Trainee: 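Below is a structure I'd like to ask you about.
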Amino acid sequence: MRIRGASPGEWPATEAEAIAAQERLREAADLTGPGPAPDEVRTVAGVDVAYADGGGLVAAAVVLDAATLTVVEESVHAGHTDFPYVPGLLAFRELPSVVAALEGLTRRPDVLVCDGYGIAHPRRAGLAVHLGVLTGVPCYGVAKTPFLFTYEQPGHERGSWSPLTIDGEQVGRALRTRTGVKPVFVSVGSGIGIDHATALTLRLTPAYRQPETTRRADHLCRTRLASSAP
DNA sequence: GCGACAG
DNA sequence: ATCTTGTCGC
């Protein structure tokens, strides 16, 4: 898929620049409307990155058929990053390689699912917001561990959820994807509402806590990194 | 004031 | 994220 505006020319080099860029980005997010309903979603793409020592990395994008959860297409990109991991600035570390992996796809998926957060973020500009704005593809995030918000434990049953709150504002949901298993944290990025994001996530989790999209992408980049290690 | 903090 | 042994359960 082709991605516009991914020019590395004005990529932030410092934390201050990155934070300023996020303040502007949050204005660009499309947080209106429900976005595509699960039944309208034909293909879903998952993205993930695996890191080596010294900045080496492999990014992967995997497109699944939303109905059968079958792999339709895969793309990997081996590269590196100089941006360190800083809580709140994950996007600047992962985005360039993720975009490169997405550009290797021949199709434009209907929805994008990534690791980490969307608006459940200190500046409402998590990785899913960046990706959604940059690609124009409806995008949301599914994270495994809590970040900067408060929430009540959702019900024990698969499908139950509770709101994620920052200063009284709802920024996502703690969603139980498997009965009796720790919840995941869903927050929208751009182009899709939390209801459809929640419903789609449940369709993507027939057997495991994490969405199949994430599992496939994780396995792909991890395997590729291992087989290319020194 | 200090620490914690998606991956 | 990554580094790691054994262990419980289907």
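Throughout, a chain's letter reflects where its sequence line sits, starting with A, and its residues are numbered from 1. Just so it is clear, the structure is predicted and the values come from calculations on it, not from any experiment.
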Trainee: Over all strands shown, is A:Tyr85 touching base, sugar-phosphate only, or nothing at heavy-atom distances under 4.0 angstrom?
Mentor: base
Trainee: Using a heavy-atom cut-off of 4.0 Å across all strands, would you classify A:Ala50 as base, sugar-phosphate, or nothing?
Mentor: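 Here A:Ala50 touches the backbone only, sparing every base.
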Trainee: How would you label the contact of A:Leu95 with the nucleic acid (heavy atoms, under 4.0 Å): base, sugar-phosphate, or nothing?
Mentor: nothing
Trainee: Does the side chain of A:Tyr51 come under 3.5 Å of the side chain of A:Glu94 through a donor N or O and an acceptor N or O?
Mentor: yes
Trainee: Between A:Glu74 and A:Arg224, does at least one N-O distance fall below 4.0 Å, as a salt bridge requires?
Mentor: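 No.
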Trainee: List the atom of A:Pro109, the atom of A:Met1, and the distance in Å for their closest heavy-atom pair.
Mentor: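 Where A:Pro109 meets A:Met1 most closely, the heavy atoms are CD-SD, 3.8 Å.
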Trainee: More than 12 heavy atoms of other residues, nucleotides or ligands under 6.0 Å from CD of A:Glu17: is that the case?
Mentor: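 Enclosed.
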Trainee: Identify the two heavy atoms, one from A:Ala91 and one from A:Trp11, that lie closest to each other, and give their separation to 0.1 Å.
Mentor: O-CZ2, 4.3 Å
Trainee: Please give me every residue in residues 145-169 of chain A whose heavy atoms get under 4.0 Å of an atom in DNA chain B, ordered by residue number.
Mentor: A:Thr145, A:Pro146, A:Phe147, A:Leu148
Trainee: Taking C-beta and beyond as the side chain, do A:Glu40 and A:Asp110 meet within less than 4.5 Å on heavy atoms?
Mentor: no
Trainee: Minimum heavy-atom separation for A:Cys139 to A:Gly132, with atom names?
Mentor: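 Closest approach of A:Cys139 to A:Gly132: CB-CA, 3.6 Å.
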Trainee: State, yes or no, whether a side-chain contact exists between A:Arg123 and A:Leu89 at a heavy-atom distance under 4.5 Å.
Mentor: yes
Trainee: Using modelled atom types only, decide if a donor and an acceptor are shared between the side chain of A:Gln22 and the backbone of A:Gly88 within a distance under 3.5 Å.
Mentor: yes
Trainee: For DNA chain B, note the earliest and the latest nucleotide, 5' to 3', having some atom under 4.0 Å of a heavy atom belonging to chain A.
Mentor: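 First and last nucleotides in contact are B:dC5 to B:dG7.
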Trainee: Check A:Glu103 against A:Ile3 and note the closest heavy-atom contact, atom names and distance.
Mentor: OE2-O, 3.7 Å
Trainee: Identify whether any heavy atom of A:Gly141 sits under 4.0 Å from a base atom; if not, whether one sits that close to sugar-phosphate; answer base, sugar-phosphate or nothing.
Mentor: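 Nothing: the residue A:Gly141, judged by heavy atoms under 4.0 Å, touches no strand.
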Trainee: Please list, one pair per line, the donor and acceptor atoms closer than 3.5 Å that link side chains of residues 175-183 of chain A to other protein atoms, with sequence neighbours excluded.
Mentor:
unit_1   : atom_1 : unit_2   : atom_2 : d
A:Arg176 : NE     : A:Gly155 : O      : 2.8
A:Arg176 : NH1    : A:Val181 : O      : 2.8
A:Arg176 : NH2    : A:Pro154 : O      : 2.8
A:Arg176 : NH2    : A:Gly155 : O      : 3.3
A:Thr177 : OG1    : A:Arg209 : O      : 2.7
A:Arg178 : NH1    : A:Thr205 : O      : 3.2
A:Arg178 : NH1    : A:Pro206 : O      : 3.0
A:Thr179 : OG1    : A:Arg158 : N      : 3.0

Trainee: Using a 3.5 Å limit on both distances, find every run of at least three consecutive Watson-Crick or G-U pairs that involves DNA chain B.
Mentor: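 DNA chain B forms no stems at all.
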Trainee: Looking at side-chain heavy atoms only, is the closest gap between A:Glu27 and A:Val133 below 4.5 Å?
Mentor: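 A:Glu27 does not reach A:Val133 side chain to side chain.
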Trainee: Please enumerate all residues that pass salt bridge (Lys or Arg N to Asp or Glu O under 4.0 Å) together with A:Asp65, with sequence neighbours excluded.
Mentor: none
Trainee: Identify the residue among A:Val62, A:Leu105, A:Thr43 that makes a side-chain contact (heavy atoms from CB on, under 4.5 Å) with A:Glu73.
Mentor: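 That would be A:Leu105; it is the only one of A:Val62, A:Leu105, A:Thr43 passing the side-chain contact (heavy atoms from CB on, under 4.5 Å) with A:Glu73.
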Trainee: Considering only heavy atoms of chain A and a distance under 4.0 Å, specify the first and last nucleotide of DNA chain C in 5' to 3' order that meet this criterion.
Mentor: C:dA1 to C:dT2
Trainee: Please enumerate all residues that pass ring-ring contact (aromatic ring centres under 6.0 Å, His included) together with A:His130, with sequence neighbours excluded.
Mentor: A:Phe92
Trainee: Mind checking side chain to side chain donor-acceptor pair (under 3.5 Å) for A:Asp30 and listing every partner two or more places apart, or none if nothing turns up?
Mentor: A:Thr32
Trainee: Where is the tightest heavy-atom contact between A:Cys221 and A:Ala50, given as atom of each residue plus distance?
Mentor: SG-N, 3.6 Å
Trainee: Does anything in residues 111-124 of chain A reach DNA chain B, meaning a heavy atom under 4.0 Å, and if so which residues?
Mentor: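 Under 4.0 Å from DNA chain B: A:Asp115, A:Gly116, A:Tyr117, A:His121.
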Trainee: Do A:Ser75 side-chain atoms and A:Ala101 backbone N/O form a donor-acceptor pair below 3.5 Å?
Mentor: yes
Trainee: Closest approach of A:Asp115 and A:Thr214, non-hydrogen atoms and distance?
Mentor: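 What the structure gives for the nearest pair is OD1-CG2, 3.0 Å.
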Trainee: Pull out every residue in residues 175-204 of chain A that has a heavy atom closer than 4.0 Å to any atom of DNA chain B, ordered by number, or say none.
Mentor: none
Trainee: Categorize A:Leu127 for me: base, sugar-phosphate, or nothing, with a 4.0 angstrom heavy-atom threshold over every strand shown.
Mentor: base
Trainee: Name the atoms and distances for all side-chain donor-acceptor pairs under 3.5 Å in residues 142-151 of chain A, with sequence neighbours left out.
Mentor:
unit_1   : atom_1 : unit_2   : atom_2 : d
A:Thr150 : OG1    : A:Thr165 : O      : 3.4

Trainee: For DNA chain C, please output the secondary structure as dot-bracket, reading 5' to 3'. Pairs are Watson-Crick or G-U wobble, both atom distances under 3.5 Å; mark crossing pairs with [ ], other-strand partners with |, unpaired with a dot.
Mentor: ..........
